[in-house]
Participant: 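Got a structure for you, written out below as structure tokens; questions coming shortly.
Residue numbering restarts at 1 for every chain, and letters A, B, ... go by the order of the sequence lines.
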Amino acid sequence: MEYLYIGLILFLFFLVNYYFEKFHIPSLLAYILAGLALSATISGDLYNLVETIGDIGVLLLFFLLGLHYPLAHLLNISRRIWQVGVMDIILCFGVSFIMAYLFGFGPLNALILGGVAYASSSSITLKMLEDTGRDKTPEAEFKTGLLIFEDIAAPIIVSFLVGFNLEMEISAGSLLSITARVLIIVLFSILVAVYGFRKLEYFVKRYLAKDFMLLFALAAAFLLAGLAIYLELSSLLGAFLAGVMLSETRSSGELDRFISPLKKATLPFFFFWFGASISLEAGITAPWFLLILVLWGLAAKVLVGFLGGRIYGLTWKGSLRSSFSLGQRGEFSVVIAALGGPLLIAFSGLYIILTALAGVFMFHKAPGLADRSFELLKRIFPALPPEGNNHS
Amino acid sequence: MRIVIVGGGRVGRELASRLSEKQQEVVIVEKDPEVAKELTRKLDILVIDEDGANMAALEKAGIRGTEIFIAVTSIDELNLMACMMADRAGVPITIARVRNPEGFSNIADTGFSKDEIGVDYVINPERELALEISKMIHFPDAEEIEYFAGERIMLVSVTVGEDAEITGQTLNDMPLPPECIIAGIKKRDDRFIFPSGKDTVETGDRVYLIGNAKNMRKASWLIHHEETMIKTVVILGGENTGAYLASILENDPERKFTVKLIDKNENRSEELIRKLGKTIIIHGNHSELAYFNKEEIAEADALIAVTGDDRTNIVASLMGHKLGAKKVISEISNNEYAETYNISGIKNYINSHLITASRILRLTRKGDILSLSHLKEENVEAIELVVNPSCRAAGKKVREAKLPAGVLIGTIFRNGEIIVPGGDTVLEPGDDLVIITRTSIRHKVESYFC
């Protein structure tokens, strides 16, 4: 029966994608909305199957991303991104937590809401970058750098919240343990990349056309993702690092071409699952606060994108485009939301879906929004540089 | 002194021309017969129209009695091979132009020493050009910059600004910082003068300052009355020059630049991403249009056009100029485009061939002369030399040395100290002098000190 359902879901993907493309609406929204609409009917084994296929899709997305970030480049980005990352935690996690606490949520629930509001959805952002053809720009580097920072910080926040939820003592030791695990997997990847994969450059190039090279690449992706899970870290971080390792063989373009079709077929399942995973059954409490939190969630990311972009070295317009491209929350927010009670899950679910939809819309419109914002800024600050018109 | 030059391209031609002016016996080996004929006709020197890596051709050029051998063809391997042969033939100094020094250093990795290869000096034109541009970025208000005494002494030319308070003041009254003097003034009517203490400067004059490099920024501000700060540098073109420049700037120990490099080629961009640790690489779509990135150019403090194509460089420089980049520097290969820059009001363009020739000329110095720089004021040179113990001027006071008119001793570098000499300063053997002189009397000047 699963085959029949998978076939139906794929056909549904085809249909919604076709019509959304026709009306120039991002296909990603189609998958999320389809998932949300069918959330009541997707359950049990089918739900798990969709989740597994989706996980593979998003894992491949991160692996392919890593393929285009050689170690030297990653180091280059990380030098500039940490300040932005800290600002992101303060504005998105910190301020959201304070707002929730002041609005009457208890300390734990307020912390969970801070966590839900923190990380932008890596998968949505990367997919949107690809779909809009803005994936090879300095802005894409900036956003990817920030997403990787969040992917490292988010598991720490999750662990912190889990500990707090279970009323376990949050010791400096447990935080150090997470940091040590992150360091272990990063150092392991660097060592394998430098002393292993760099030396395999001609081996990979020699057999690139053979089927077994595809298996070799996929093995690397899944092994590192598995290692990350074993270390209680994000599997996506592991997959990304596997891509970084393989990029040292200087065959990224070719490997990308081989693996991309697999990713394209599996990734829609992730967004579909994401929509289906949002539960609104318990009803919505504090709708006004939800609205305020959503608006702040978007505004905070606008601030992080803009100020961070300037810190990173992007142009004014590049920073503005980035600022309108980070609002969407996604997978990590779902994981963090699950730590709360039914009411908080419903509240968070709506928060996630609203920011995801608004974020995707803003991402799509970012070049135009940036142009108009820049004109406005020029009126306020005439000393700004002349208007540029490059959107890439 | 006989000098053999292999390669009659732009660099070889410039070298031959300048060395001939200095009364040196120059022979060129150029395998293209048409180019050889043209060189013979224009420069009136011996041109052997054969392959420079051929011993028989070198014999015809008189390799056995040659003192300096320069190989500047466009092929690295041929330059190295020719130098190797010249070295075996007993030429004391061999100089090779090598565009890909990585390959050259790899030769050393194979177990050969530089001596075994037979090359005394390797000139990398792209790196020299990048270094020159880097100097201009560090001192954006200067029109010309030269360093001496291991970069402790600096010669810069700046234009007197409209708001400069020193206009009308005599040089004696001018509050220049210590160890700095005005060594020359190009007046608005194009006269170049070696100033005395009673001379004054006016708005629009170009002033040549010389002195302690540490105080030069302050001195320059006094004259120019503006200080341009460069933070964001956008480099157009990721070939060797652009890559070297990005590497120099991103590793600058004192200044923190934001360096962006735009290249039209995706593969080259990916290569640069691996090589450059701090530069933001922006790659285009394999079209020249990638360089005309209005958004990046509009926000550049300094725009550097080194795309390898003169016309692209000109268009991009014009864009930079129009969009308000504080400093626009462009590379030109064909000097005929210089006029286009002049008409467009773009002052800073650099000819890589002239830079290479100039660097090689420095290496063709005699004994005690450390370096020689032609200033933009074409008839004036800056010479760095060491006072020879047996020379005429050694042990004498400056006023007693009776130097000819049109010569000024800018600085003396002695035991780690920078001295601005007065009439009573004694010129001691071993002193490192920077002298500004008219080109026409340079040989005479050399005879005083060497």
Participant: Whether Lys317(A) and Glu296(B) form a salt bridge (side-chain N of Lys/Arg under 4.0 Å from carboxylate O of Asp/Glu) is what I want to check.
Facilitator: no

Participant: Can you name the residues of residues 63-79 of chain A that have some heavy atom under 4.5 Å away from a heavy atom in chain B?
Facilitator: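 Counting heavy atoms that sit under 4.5 Å from chain B, the residues of residues 63-79 of chain A involved are Pro70(A), Ala72(A), His73(A), Asn76(A), Arg79(A).
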
Participant: Below 4.5 Å, heavy-atom pairs only: which of Lys278(B), Lys231(B), Glu250(B) has the largest tally toward chain A?
Facilitator: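 Highest number of heavy-atom pairs under 4.5 Å: Lys278(B).
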
Participant: Heavy atom to heavy atom, less than 4.5 Å: which residues from residues 302-318 of chain B reach chain A?
Facilitator: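 Within residues 302-318 of chain B, near chain A: nothing under 4.5 Å.
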
Participant: Within a radius of less than 6.0 Å around CZ of Phe188(A), do more than 12 heavy atoms belonging to other residues, nucleotides or ligands occur?
Facilitator: no

Participant: Does atom NZ of Lys326(B) have more than 12 heavy-atom neighbours from other groups under 6.0 Å away?
Facilitator: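 Buried by this count: over 12 neighbours within 6.0 Å.
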
Participant: Evaluate whether atom CZ of Phe258(A) has more than 12 neighbouring non-hydrogen atoms of other residues, nucleotides or ligands under 6.0 angstrom away.
Facilitator: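 Enclosed.
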
Participant: What part of Leu276(B) lies closer than 4.5 angstrom to a heavy atom of chain A: side chain, backbone, both or neither?
Facilitator: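 The answer is the backbone of Leu276(B).
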
Participant: Quick check on the structure: residues of residues 240-250 of chain A within a heavy-atom distance below 4.5 Å of chain B, by number.
Facilitator: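 From residues 240-250 of chain A, the residues near chain B are Ser247(A), Glu248(A), Arg250(A).
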
Participant: For Glu201(A), does the CD atom have more than 12 heavy-atom neighbours from other residues, nucleotides or ligands under 6.0 Å away?
Facilitator: yes

Participant: Got more than 12 heavy atoms from elsewhere within 6.0 Å of CE, Met213(A)?
Facilitator: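 Check passes, neighbour count above 12.
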
Participant: Could you please state which residues from residues 253-273 of chain B sit under 4.5 angstrom from chain A, measuring non-hydrogen atom to non-hydrogen atom, sorted by number, or 'none'?
Facilitator: Thr258(B), Lys260(B), Glu266(B), Glu271(B), Ile273(B)

Participant: To the nearest 0.5 Å, what is the distance between CD1 (Ile282(B)) and OG1 (Thr315(A))?
Facilitator: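 Reported to 0.5 Å precision, the distance equals 8.0 Å.
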
Participant: After noting the C-alpha distance and the side-chain angles of Arg310(A) and Glu299(B), does the key distance pass the salt bridge (charged side-chain N to carboxylate O under 4.0 Å, His left out) rule?
Facilitator: CA-CA 12 Å; Arg310(A) 293 301 293 162; Glu299(B) 293 192 24; 3.2 Å; yes

Participant: Step through the shown structure and confirm whether more than 12 heavy atoms of other residues, nucleotides or ligands are within 6.0 Å of NZ on Lys264(A).
Facilitator: no

